[in-house]
J.: 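Following this message is one structure expressed as structure tokens.
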Amino acid sequence: MSEKVVLRFAPSPTGPLHMGGVRTALYNYLFAKQTGGTLILRIEDTDQTRLVPGADQYIIDALAWCGITFDEGVHIGGPSVPYRQSERAAIYQKYTEQLIASGHAYLAFDTAEELDAAREKQGAHFSYNYQTRMDMQNSLSLSAEAVAAKKASGEPYVVRMKVPEDEEVVFQDIVREEVRFHTSQMDDKVLMKSDGLPTYHLANIVDDHLMGITHVIRGEEWLPSTPLHVLLYRAFGWEAIMPKFVHLPLILKPDPALVTRNKGTRRELTDKLSDEFMAAHPALDQKIRSKVHSFIQQLFSDRQGIQGRLNPKDNEPNYQKWLKTFLKGALFGKLSKRDGDRLGFPVFPMDWQDPKTGDTSAGYREAGYLPQAFLNALALLGWNPGNDEEIMSMDRLVEAFSLDRISKSGARFDQDKMKWFNQTYIRATANEALLPLVKAELADGHPALADDEKLLQVIELLKERVSYIPDFASQAGFFFQAPASYDERMVQKSWKAENKGYISTLRERWASLDTWSTATLHDAFEAMVAEKEISNGAVLAPLRLVLTGKPAGPGAFDIAGVIGREETLARMDKAVNDLAVVE
RNA sequence: GUCCCGUUCGUCUAGUGGUUAGGACUCCAGAUUUUCAUUCUGGCAACAGGGGUUCGACUCCCCUACGGGAUGCCA
């Protein structure tokens, strides 16, 4: 336990980092900070065909926005430089040769076509393993001369792991405890591709070893390939010092019933999901197409019905199967990059523009989330402190985090909870800290931009009633501009002749006030109401109408106090003169 | 198909053999605010099913069902 903890976050720059990746980075960060360990950012770009320009920079920027910092990495250097796997090809080459020499790996010359043919022949269950490898074109089945000839002629080849035939691989996982796999179910995975670059498996093991990684904290999707990694450590003679494994439960798509809570997007989403499915299965039978389509249309009509509809009494052959296919691809399963914001909420920390298509996917930052709120919510998706604590600062998370309190089962993402965290954080944030964020949301030339003092007061009044940062901008209008129109229903209700008279009277009393403040305005109002023996509402409702034109918002005296004497009186005059009373 | 992992309110979860099964989000109701929001109070709501083990199972074991992941010269 005295050993210094060394961790890494190792994303692949194949697109923007999504929230699941952010959470993995966060857990690594929390554990590193807590133990005084080292956190490394390594870029795993061994698949040159899937590289997306700008993705690595996005990853760095997004993590910086989240407040997740590293001790070593591509962007800052360190003792194990380079931290980009594509720049470490020679290292992997050397270790691959070592594996071949020790008999743990072999050369394979099978072409993609030959592999396809083999899969064709044996059905989908073909596995390149101890049973089939002698039938394939490789250095185990071919004579040494044949292999040498192929190499000499420049024929491309890969290097495969020679998985032992009949062994049980047992390893410990901090979350899942003991996990067992049998080698008879494993295949001879490619370690080195024909382009000379390694696959994830080899590069990962070599780098983790060379960088002295003590704990591998990664998503559960890696659990099935962990036995291969263990075999690799064993082959290199590193098994005794290999890192401890921590496989995190996956973040799953939200409950379908919750996806369309936001009614405005319901119809849109329904159409989108339907189009998506139909486009993905163009050859689908017309009858099933229309059935699935109508299922999708009905899908969001009520909250509880999803489960019940999964097994509808419909004997149409294959209908059930396709329904399942649809649900799995569209609404269930792990949250993926492909989900983009198609489900109506962001899955990325920041906006991302696809360099190829130009399409933009929404990010939490631009949607108006505070990074602390985003991270706090994420931290609790798959981990909890063991008590009722929920609002936790980064420092508190560092203090409370522990690997053995990570859950085992996948967590469905819940947008409402994320929203609640954001509201809570906005309310707890100082107005001064909110100021620059709010200003960034305002259009050029907006009058609020020139008056920090007043904007601060507006933020104070609005902060109890917004969920996202942009809400400040959209709700701040009447503080800076007289209402251009008046809410019709409110006019009907509260702009009778007598109400108009009260506003005129109140205007005169307010005009003669020595000091203009929320308190003095309120006092003058109280005095008038008492004198005239009328209800507060008879004056308050029309006052709000006159000042804001809207049926809801902060207190009328607060608003008048902020907008000032001149503007308040002008708005009262304007309404009295221009707005016709209702009978 | 095969292998692996999982399964407590709609969702996130607490719970490690004896609990009125607790909290949070959502939703509903009431109070406060003569607006809206906030805040406060209360309410609805769960141990997937079946077998064991045990004096006693949400907790331990097995089976089934369901969910998830993996099965690429992707990570």
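Per chain, numbering begins at 1; letters A, B, ... match sequence-line order. Keep in mind it's a predicted model, so treat the numbers as computed, not measured.
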J.: Say you pick atom C1' in B/G30 and the same atom in B/G67; how far apart are they, in whole Å?
T.: 39 Å
J.: Give none if B/A31 has no partner; otherwise give the nucleotide forming a Watson-Crick or G-U wobble pair with it, both distances under 3.5 Å.
T.: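 Base partner found: B/U39.
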J.: Is the gap between the ring centers of A/Trp383 and A/Tyr27 under 6.0 Å?
T.: no
J.: The side chain of A/Arg465 lies closest to which of these nucleotides: B/U11, B/C36, B/U35?
T.: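 The listed nucleotide nearest to A/Arg465's side chain is B/C36.
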J.: Is any side-chain N or O of A/Ser194 under 3.5 Å from a base N or O of B/C73, one able to act as donor and the other as acceptor?
T.: yes
J.: So A/Gly555, base contact, sugar-phosphate only, or nothing? Heavy-atom distance under 4.0 Å.
T.: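 If one applies the 4.0 Å heavy-atom cut-off, A/Gly555 turns out to touch a base.
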J.: Which is true for A/Asn204 with a 4.0 Å heavy-atom rule: it touches a base, it touches only sugar-phosphate, or it touches nothing?
T.: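 Counting heavy atoms under 4.0 Å across all strands, no contact is made by A/Asn204.
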J.: For the side chain of A/Leu250, counting heavy atoms from C-beta on, which of B/A14, B/C3, B/G68 is nearest?
T.: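 Closest nucleotide among those given: B/G68.
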J.: Using atom C1' of each nucleotide, how far apart are B/U39 and B/C55 to the nearest Å?
T.: 50 Å
J.: Which nucleotide wins on minimum distance to the side chain of A/Arg405, given the candidates B/G15, B/G23, B/A24?
T.: B/G15
J.: Go nucleotide by nucleotide along RNA chain B from the 5' end; which of A/Thr111 and A/Val529 gets its closest nucleotide reached first?
T.: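 Checking each residue's closest nucleotide, the 5'-ward one belongs to A/Val529.
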J.: Hey, which of these two, A/Asp388 or A/Val179, hits RNA chain B nearer its 5' end, going by closest nucleotide?
T.: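 Counting from the 5' end, the first nearest nucleotide belongs to A/Val179.
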J.: Would you please confirm or rule out a distance under 4.0 Å between OP1 or OP2 of B/G72 and any side-chain N or O of A/Lys193?
T.: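 Indeed not, no polar side-chain atom of A/Lys193 lies that close.
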J.: If you measure from the C1' atom in B/A48 to the same atom in B/U59, how many Å do you get, rounded?
T.: 16 Å
J.: Counting distance only, does the side-chain N/O of A/Asn28 pair as donor-acceptor with the main-chain N or O of A/Ile217 below 3.5 Å?
T.: yes
J.: At 4.0 Å (heavy atoms only), tell me whether A/Val158 reaches a base, stays on the sugar-phosphate, or touches nothing.
T.: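 Base: the residue A/Val158, judged by heavy atoms under 4.0 Å, touches a nucleobase.
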J.: With rounding to whole Å, what would you report as the distance between B/G42 and B/G50 at their P atoms?
T.: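 Looking at atom P only, B/G42 and B/G50 are 35 Å apart.
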J.: Any side-chain to backbone donor/acceptor pair from A/Ser12 onto A/Glu44? Under 3.5 Å, distance only.
T.: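 Yes; at least one donor-acceptor contact below 3.5 Å.
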J.: Compare the minimum distances between each of B/C74, B/C5, B/U26 and the side chain of A/Leu223, then state the nucleotide with the smallest one.
T.: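 Closest nucleotide to the A/Leu223 side chain: B/C5.
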J.: Classify the nucleic acid contact of A/Ser127 as base, sugar-phosphate or nothing, counting any heavy atom under 4.0 Å across all strands shown.
T.: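 Contact class for A/Ser127: none.
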J.: Where the side chain of A/Arg176 is concerned, which of B/C5, B/C12, B/U26 is the nearest nucleotide?
T.: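 So the nucleotide nearest the side chain must be B/C5.
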J.: Under 3.5 Å, is there a donor on one side chain and an acceptor on the other for A/Asp47 and A/Tyr200?
T.: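 No donor-acceptor contact under 3.5 Å links the two side chains.
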J.: Say we look at B/U11 and B/A46: how far apart would their C1' atoms be, to the nearest angstrom?
T.: 12 Å
J.: Rounded to whole angstrom, note down the C1' distance from B/A24 over to B/C9.
T.: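 Looking at atom C1' only, B/A24 and B/C9 are 12 Å apart.
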J.: Sticking with atom P, work out how far B/C66 lies from B/C25, rounded to a whole angstrom.
T.: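 Between the two P atoms, the distance is 34 Å.
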J.: With no hydrogens and no angle check, just 3.5 Å: does a side-chain donor-acceptor pair link A/Ser86 and A/Asp45?
T.: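 A/Ser86 vs A/Asp45: donor-acceptor pair found between side chains.
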J.: Look at the side chain of A/Asp414 and decide which nucleotide, out of B/C3, B/G72, B/G10, has an atom nearest to it.
T.: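 Taking heavy atoms from C-beta onward, the closest nucleotide is B/G10.
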